[in-house]
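To find a chain, count down the sequence lines: A is the first, B the second, and so on, and within it residues start at 1.
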2 protein chains.
Amino acid sequence: MRKKVSTLSDMAKLAGVSESTVSRALSNSKLISVKTRERIQALAKEANFSVNTTARNLRLQKSNTIAVVLLIHSENDQSTTDPFILRLLGVIADELTRIGYDMLLASHTSPNENALKNYFDSKKADGMIVFGQGNDPALFDHLLNNDMPFVVWGTKDPHQRYLTVGTDNFLGGKLATEHLINQGCKHIAYAGRKTIETELRFHGYQDALEKADLPSSPLIDIHFTYQDGYNVATKLLETQQFNFDGIVAASDTIALGILKAFNDFNAEKELSEQAKPFSIVGYDDIEVSKFMHPSLTTIRQDTYEGGKRLVELLFKQIHKKPAHSVELETKLIERGSSKLV
Amino acid sequence: MRKKVSTLSDMAKLAGVSESTVSRALSNSKLISVKTRERIQALAKEANFSVNTTARNLRLQKSNTIAVVLLIHSENDQSTTDPFILRLLGVIADELTRIGYDMLLASHTSPNENALKNYFDSKKADGMIVFGQGNDPALFDHLLNNDMPFVVWGTKDPHQRYLTVGTDNFLGGKLATEHLINQGCKHIAYAGRKTIETELRFHGYQDALEKADLPSSPLIDIHFTYQDGYNVATKLLETQQFNFDGIVAASDTIALGILKAFNDFNAEKELSEQAKPFSIVGYDDIEVSKFMHPSLTTIRQDTYEGGKRLVELLFKQIHKKPAHSVELETKLIERGSSKLV
DNA sequence: TGTTAAAATGCAATCGTTTGCAATACATTC
DNA sequence: GAATGTATTGCAAACGATTGCATTTTAACA
């Protein structure tokens, strides 16, 4: 095997020209004659040479990398487990790969301004996509003040100065609830948590009930996981506190957990002791929801569209073009789980 | 706002010392007196300074980054959709973050040796974790020959010289099949594809049947998605070719797709026309499998353990320590879906 | 063939760190 | 106070690419 050529200067020697010429030839500059350009490109391919991105980035003062940051706010906030978030990450990865950018994935447990800012200061990333708005509205101010490009997945709020991509959570909560009302449900509960990102879903739920003159129950506090949905619902069932004919779940995972708890519970009971069926609507439309039996009625948050828009919006900022938060279509997907009563 | 200090030289001026001193102080070198060291560190914190990683990496000839590469072999091989892979990615991201490394995520549609090698040549990554062994055994040779550290998720094979982490696919297929046999199934089908990674599952299936003197059917070709499981099964049901009392599915997604097809089919038919129930075992144990009704019997591939081992094994290589492929525990998780007959 | 403009190439500075070595400061001892 | 040794610090050369400007080559024309 020939001595490996790993730098521009190696290539220069190999081709008998200067480093500048090689550099220009490889970037297809028309300063270089077509003949030498092609010759050098062929040579590079043959020698299996590719420029050192680190050096290149240093010189160009950019990183060609987008940081995707998961802000973890509590023990139970397992973003790296959530199928919806994971799917969204997959889409983003595809998008970034497509346009030639690298994706840097990191999760932060106790996020602070500097941790985020550091991605830019240390020139690790040219832009950032953040999951988890959290409860610290000042968290993003540092970034904003130094105009570092970033987008947040989540709810748009007039008070926030940063850009977001997400569905209309108020509308989502409302659509879900209205649907259950139309199905004839009278005692509708809301299962989930009140995070900044999802609080509006709960308000949408309350609003719909109010307009229909139906009572709203206090929120059933459940983390966004299958397991917690299952645990909490099981407890309610066992203590006979599970007396709803409709449930609005803050995520599909929660909804599926609850459904499972219900099925398991009834499976072990005599007919007389069984809990009564109920209708349920989820949120997200993760892929598996369609394949449950009964399939899950839910509010779709289109992951493909969402991922694309996040990237698109981020690059608008990077290129200093005008940009506005986007609200994805917020749509009820009607399936089997809401026809159980 | 004071002029922002963004380089070592800025810091040097600020502190009234040389760049070298700042550099050493920040890396806690004992060459620098404790007093100035602390002073400078405080100053850096206050000025919100952090070293430029790009420059640092160039100088140190490393990237502090691990590339995670998804090799996509066909249109239908949607790794970025697969819940099992996505979950594994989440674990890896957590692990890498924990030890202070960045994770670079990329998918490649038409992988070739150079595309992979390029991550090292261009100094983008110090190591690589690969998903998708594919059908080109020579694909990794370039990497091996230039001893670039990488690990592959998948099946261990004596012919392969590279390191892998994964379950014992032969055993997995066998356990799944034996379990169905023990449940009394007589006509057991295998649903999935024959990729390098999973071919052994099929052989395990065949082996178990052979040992039990039962006939094996030809493989039902299904891509590793819910949807394809659903589509193919539906077609079989409609053409009355669905006459198995047991199915070994090559993934949980396939299994769930099939179950759904079955449920949907029977829901629209008269009792007399309904397809007969069957037992089914999946593969992976994705989280949702536990929350199906009936819950899915499956072969667990522990994602947490798997992710940790991948990272661990990779770093053994990076640090030039002896390393061997690891085979994760391959275990049948018995649940409801295999007691249907 | 000589002159001039245009095309192609090369020189050298720069991006922000780290680190071997040289240089300075300080403390210690006689 | 001189001499020695030890702690601290600074100088300057890398790391590998890009690019404005200077320089050379080529082409074109008289």
Side-chain angles (χ1 to χ4, degrees), chain A residues 3-41 43-44 47-65 100 102 118-126, chain B residues 3-41 43-44 47-65 118-126:
Chain A
K3 192 161 112 264
K4 78 190 262 193
V5 353
S6 58
T7 77
L8 268 196
S9 123
D10 294 344
M11 274 296 297
K13 267 170 219 142
L14 191 69
V17 294
S18 75
E19 298 179 26
S20 354
T21 301
V22 178
S23 171
R24 290 187 175 109
L26 292 180
S27 63
N28 236 323
S29 154
K30 46 216 151 321
L31 276 179
I32 305 298
S33 73
V34 188
K35 204 172 58 182
T36 43
R37 224 189 295 170
E38 283 172 350
R39 186 171 64 87
I40 291 179
Q41 286 172 3
L43 232 45
N48 214 315
F49 170 83
S50 51
V51 299
N52 179 319
T53 10
T54 308
R56 173 169 222 275
N57 290 341
L58 173 59
R59 174 61 229 241
L60 296 183
Q61 298 284 56
K62 61 183 309 238
S63 64
N64 236 272
T65 298
D102 289 331
N118 185 50
Y119 284 95
F120 296 99
D121 288 344
S122 66
K123 293 275 162 37
K124 277 189 189 175
D126 301 335
Chain B
K3 192 159 110 269
K4 79 191 262 194
V5 352
S6 58
T7 78
L8 270 193
S9 123
D10 294 345
M11 274 296 297
K13 268 170 219 145
L14 192 68
V17 294
S18 75
E19 298 179 26
S20 354
T21 301
V22 178
S23 172
R24 290 188 175 110
L26 292 181
S27 63
N28 236 324
S29 155
K30 42 211 156 322
L31 275 179
I32 303 299
S33 72
V34 188
K35 203 170 61 179
T36 44
R37 222 190 297 170
E38 284 173 350
R39 186 170 65 88
I40 291 178
Q41 286 173 3
L43 233 43
N48 215 313
F49 170 82
S50 51
V51 300
N52 179 318
T53 12
T54 308
R56 172 169 223 275
N57 290 341
L58 173 59
R59 174 60 228 242
L60 296 183
Q61 297 285 56
K62 62 181 307 235
S63 65
N64 234 273
T65 298
N118 184 49
Y119 283 96
F120 296 99
D121 288 344
S122 66
K123 292 277 161 38
K124 277 189 192 177
D126 301 335

Just jot down the side chain to side chain donor-acceptor pair (under 3.5 Å) partners of [X], sequence neighbours excluded, or say none.
| X | answer |
| --- | --- |
| B:Asn64 | none |
| A:Arg59 | none |
| B:Arg37 | B:Asn28 |
| A:Ser23 | none |

Inset, instruction - Would you mind reading off the distance between A:Asn57 atom CG and D:dC15 atom C1', rounded to a whole angstrom? - result: 14 Å

Legend entry - For A:Lys124, all residues meeting salt bridge (charged side-chain N to carboxylate O under 4.0 Å, His left out), sequence neighbours excluded: B:Asp102

Inset, instruction - Kindly write out the residues that satisfy salt bridge (charged side-chain N to carboxylate O under 4.0 Å, His left out) with A:Asp126, not counting sequence neighbours, or none if the list is empty. - result: none

Distances for protein N/O vs nucleotides 26-28 of chain D N/O pairs under 3.5 angstrom?
none

Inset, instruction - Could you tell me whether the side chain of A:Ser122 reaches within less than 4.5 Å of the side chain of B:Asn52, counting heavy atoms only? - result: no

Legend entry - Contact list for DNA chain D against residues 30-39 of chain B - heavy-atom distance below 4.0 Å: B:Leu31, B:Ile32, B:Ser33, B:Thr36

Legend entry - For B:Ser27, all residues meeting side chain to side chain contact (heavy atoms under 4.5 Å, CB included), sequence neighbours excluded: B:Ser29

Legend entry - Pairing residues for A:Val17 by the side chain to side chain contact (heavy atoms under 4.5 Å, CB included) criterion, not counting sequence neighbours: A:Ala15, A:Thr21, A:Val22, A:Arg39, A:Ile40

Scan nucleotides 16-20 of chain D against the protein and return all N/O pairs shorter than 3.5 Å with their distances rounded to 0.1 Å.
from   : atom 1 : to      : atom 2 : distance (Å)
D:dG16 : OP1    : B:Gln61 : NE2    : 3.0
D:dG16 : N2     : A:Ala55 : O      : 3.4
D:dA17 : OP1    : A:Asn52 : N      : 3.1
D:dA17 : OP2    : A:Leu8  : N      : 2.2
D:dT18 : OP1    : A:Arg56 : NE     : 2.8
D:dT18 : OP2    : A:Ser23 : OG     : 2.6
D:dT18 : O2     : A:Arg59 : NH1    : 2.0
D:dG20 : O6     : A:Arg24 : NH2    : 2.7

Legend entry - Residues which pass ring-ring contact (aromatic ring centres under 6.0 Å, His included) with B:Tyr119, listed by chain and number, not counting sequence neighbours: B:His108

